[in-house]
Undergrad: 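Would you mind keeping the following structure in view while I ask a few things?
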Amino acid sequence: MNRSLLRSAAVLALAALALTGCSSPSAAPTPEETSASEGSPLSGDLTVYAAASLKGAFDEIGAAFSDENPDVTFSAVYDGSSTLVAQLQEGAPGDVFASADEANMDKLADLAIDPTLFASNTLVIAVPAGNPGGVESLADLADVTTVLCAPEVPCGAASTTLLSNAGVTVEPASLEQNVTAVLTKVAAGEADAGLVYATDVIGRDDVEVIVPDGADDVVNHYPIAALDGAPNSDAAEAFVAFVLSDAGQKILADYGFGAP
């Protein structure tokens, strides 16, 4: 009887082993599943309001940010900082504001969350290719057709300071609302010269550049902030962090921006 019971137990044990061997092991996650499980939790639209001088750098930063957060749709509005401030104060639905100076960020003190400096920039004299006006210095801007940014725009405020420091008085042919408009007129030959940011002329062959004396003494520091009441506050905070990260700073440096 005992031997019979032992045989039965042995048979049952072998059957259990056979069933275990036939069962399928838990499938290892695929690379796609692993990526999805470890992917960014961010999603939705992200709208960044940024100074016109940041367009090239922020387009690239936005693309890099979207690569890391594929469910976030990045878009940017570029214009003079003072124009962007007015739009945001009137209720434009922005998530992040990046200004070309601290003064315009200060105007959004009730909306900007912990503004942080992230870049710097200086001015140069831009002239059309061939320099038809024969411009060599700031003093020459008083004698040729010159376009400048409007005084309320960061590049305009910096231009006013730079010219004042040099003791030069200029009657501009026009006052533009952003630095891109100044450069466009110069490149088209509609003006003999204009004051623009050093970053704006990198890689251009339709303009020539003169670095004026005293440019290093007039530095624009750029702040960035997520906005209170942002439609996509999580993505806004993440984007600001990305701009401040090594990856974001490298892109800015590649476009000629200085350290904050």
Side-chain angles (χ1 to χ4, degrees), residues 44-59 61-62 65 73-123 146-164 170 172-186 190-191 194-197 199-200 218-233 235-237 239-240 243-244 252 255 257 260:
D45 296 330
L46 173 68
T47 304
V48 175
Y49 280 65
S53 54
L54 290 166
K55 186 179 188 312
F58 265 35
D59 280 350
I61 286 175
F65 181 78
T73 301
F74 170 86
S75 64
V77 178
Y78 300 110
D79 209 326
S81 297
S82 59
T83 300
L84 298 177
V85 166
Q87 292 173 355
L88 291 168
Q89 288 176 330
E90 291 168 3
D95 297 296
V96 173
F97 176 49
S99 175
D101 68 352
E102 296 171 87
N104 276 287
M105 181 64 79
D106 290 343
K107 296 176 185 177
L108 280 184
D110 58 335
L111 290 177
I113 301 172
D114 298 327
T116 304
L117 297 179
F118 69 95
S120 62
N121 217 342
T122 56
L123 293 174
T146 300
V147 290
L148 300 173
C149 289
E152 67 272 14
V153 181
C155 64
S159 296
T160 299
T161 300
L162 182 63
L163 291 167
S164 176
V170 173
S174 67
L175 291 171
E176 306 299 329
Q177 289 302 308
N178 60 65
V179 71
T180 302
V182 172
L183 187 59
T184 297
K185 285 196 170 185
V186 172
E190 297 176 23
L195 288 173
V196 301
Y197 292 120
T199 54
D200 293 308
V218 183
V219 180
N220 276 44
H221 297 280
Y222 287 53
I224 188 170
L227 297 175
D228 186 33
N232 196 341
S233 58
E237 292 176 7
F239 182 80
V240 171
V243 170
L244 298 172
L252 286 161
Y255 278 82
F257 287 93

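In what follows, every heavy atom counts, from backbone to side chain, and hydrogens, waters and symmetry copies are set aside.
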Undergrad: With a 3.5 Å cut-off and no angle check, do the side chains of Asp79 and Asn178 form a donor-acceptor pair?
TA: yes
Undergrad: Could you tell me whether the side chain of Val182 reaches within less than 4.5 Å of the side chain of Asp200, counting heavy atoms only?
TA: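 They are not in contact (no side-chain heavy atoms under 4.5 Å apart), so the answer is no.
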Undergrad: Please walk me through it: do Leu123 and Tyr197 pass side chain to side chain contact (heavy atoms under 4.5 Å, CB included)?
TA: CA-CA 4 Å; Leu123 293 174; Tyr197 292 120; 3.9 Å; yes
Undergrad: From the options Tyr255, Tyr222, Phe239, Phe257, select the one residue that forms a ring pair (Phe, Tyr, Trp, His ring centres under 6.0 Å) with Phe58.
TA: Phe239
Undergrad: For Gly80 and Val153, work out which heavy atoms get closest and say how close.
TA: CA-CG1, 4.3 Å
Undergrad: Residues in side-chain contact (heavy atoms from CB on, under 4.5 Å) with Ala157, at least two apart?
TA: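 Ala157: no side-chain contact (heavy atoms from CB on, under 4.5 Å) contacts found.
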Undergrad: Work out which heavy atom in Val85 is nearest to a heavy atom in Asn104; give both atom names and the distance.
TA: CG2-O, 3.4 Å
Undergrad: Passes side chain to side chain contact (heavy atoms under 4.5 Å, CB included), Val243 versus Val96? Steps please.
TA: CA-CA 11 Å; Val243 170; Val96 173; over 6 Å; no
Undergrad: Between Asn232 and Gly44, what is the shortest heavy-atom contact and its length?
TA: ND2-C, 3.7 Å
Undergrad: If you measure from CG on Asn121 to CG on Leu252, what distance do you get to the nearest 0.5 Å?
TA: 10.0 Å
Undergrad: Which heavy-atom pair separates Asn220 from Cys155 by the least distance, and what is that distance?
TA: ND2-N, 4.5 Å
Undergrad: Which residues satisfy the salt bridge (Lys or Arg N to Asp or Glu O under 4.0 Å) test with Asp59, sequence neighbours excluded?
TA: Lys55
Undergrad: Examine distances only and state if a side-chain atom of Thr116 and a backbone atom of Asp114 form a donor-acceptor pair shorter than 3.5 Å.
TA: yes
Undergrad: Without swapping roles, check the side chain of His221 against the backbone of Pro260 for a donor-acceptor pair under 3.5 Å.
TA: yes
Undergrad: For the residue pair Leu117 and Leu244, what are the closest heavy atoms and their distance?
TA: O-CD2, 3.9 Å
Undergrad: Roughly how far apart are Leu88 CG and Lys107 NZ, rounded to 0.5 Å?
TA: 12.5 Å
Undergrad: Which atoms form the tightest heavy-atom contact between Ala225 and Met105, and what is the distance?
TA: N-CE, 3.9 Å
Undergrad: Has Gln87 got a side-chain atom pairing as donor or acceptor with Gly94's backbone, closer than 3.5 angstrom?
TA: no
